[in-house]
Amino acid sequence: EAGVAQSPRYKIIEKRQSVAFWCNPISGHATLYWYQQILGQGPKLLIQFQNNGVVDDSQLPKDRFSAERLKGVDSTLKIQPAKLEDSAVYLCASSLGTGRVGTDTQYFGPGTRLTVL
Amino acid sequence: ILNVEQSPQSLHVQEGDSTNFTCSFPSSNFYALHWYRWETAKSPEALFVMTLNGDEKKKGRISATLNTKEGYSYLYIKGSQPEDSATYLCASPGVDKLIFGTGTRLQVFP
C-alpha cells in the first residue's frame with residue numbers, strides 16, 4: 001500500500017515570497033491533516049479536512065495560510081507571504097476517518113522542510 | 001488547554017541497553033494515547049494507539065503501558081539497536097484534535 005506522498009521535500013525561500021506544498025493521501029482515506037512542526041516543538045494541527053470539507057482550521061493563520069482539498073483527495077497548503085517564523089517542517093497525514101479523531105490512526109508523509117530567509 | 005509532556009527531552013544509550021521514557025497527559029476526559037516513532041528524513045510511523053487503563057502493547061522490542069488514572073504512559077525499548085535512533089512522540093486528543101508532546105530524541109551508539 002502506497003503511503004502519504006508530499007512534495008517538495010525541501011524548500012528555501014526569502015521572506016515575503018509565496019510557497020505551496022502538495023499532499024497525496026493514502027487511497028480511501030477520508031480525513032486529511034496538515035501539521036506544522038517547529039524545531040523543538042511537537043507537531044501542531046493547522047487544518048483538518050473530512051473529504052473536501054474543513055473540520056478544523058482554528059490554528060491556521062488565515063491572513064497568510066490557505067489550504068484546499070479538491071475532490072476530497074489531494075491537498076495543497078499555501079503560505080503567502082512567508083515570514084521568518086514559518087520556518088518549520090510541514091507534515092501531511094491521512095486517516096480512514098471512520099472513528100473519532102482521537103482513536104483513528106494517522107499515517108504521515110515525510111514532510112516538507114521549509115526555510116524562510 | 002490540553003498539555004502533553006514528555007521526558008526526558010533526549011537520551012543517549014549504548015547498543016544493547018534497555019531504555020524507557022515517559023509521556024504525561026491530563027487524566028480527566030481521557031480517551032486515547034498515541035505513540036509515534038520519527039526517524040530523521042522519514043515519515044513519522046504510528047507505533048501504538050492505547051485506550052484502556054492498564055493496557056500494554058508490544059511491537060517487537062518496543063512496548064508501552066498506560067495508566068489513565070494518573071495520566072502517564074511509558075514506552076520501553078529492550079536491547080536498543082542503532083536503528084532505534086529516532087524521536088519518539090506521544091499525542092493525546094484534545095477537542096477532536098491530537099495534541100503532541102515535544103518528543104524524546106533517542107540516540108543509540110554502537
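Atom set for the values below is all heavy atoms of this structure, side chains included, hydrogens, waters and symmetry mates excluded. Note on naming: letters A, B, ... go to the chains in the order of the sequence lines (proteins, then strands), and numbering restarts at 1 for each one.
At a 4.5 Å heavy-atom cutoff, A/Q6 makes no contact with chain B through either its backbone or its side chain. At a 4.5 Å heavy-atom cutoff, A/V55 makes no contact with chain B through either its backbone or its side chain. Residue A/R113 does not touch chain B at all, counting heavy-atom pairs closer than 4.5 Å.
Although no hydrogens or angles enter the test, the distance criterion places no donor-acceptor pair under 3.5 Å between the side chain of A/D57 and the main chain of A/L60.
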A/Q41 and B/T102: CA distance, side-chain angles, deciding distance, side chain to side chain donor-acceptor pair (under 3.5 Å) verdict: CA-CA 5 Å; A/Q41 300 179 20; B/T102 54; over 6 Å; no
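Taking the six-membered ring for Trp and thresholds of 30 and 60 degrees, A/F108 and B/F100 have ring planes more than 60 degrees apart, a perpendicular arrangement.
Interface remark: of the candidates B/S92, B/A32, B/P44, B/G103, B/P44 forms the most heavy-atom pairs closer than 4.5 Å to chain A.
Looking at residues two or more places apart in sequence or on another chain, you find a ring-ring contact (aromatic ring centres under 6.0 Å, His included) between B/F109 and B/H12.
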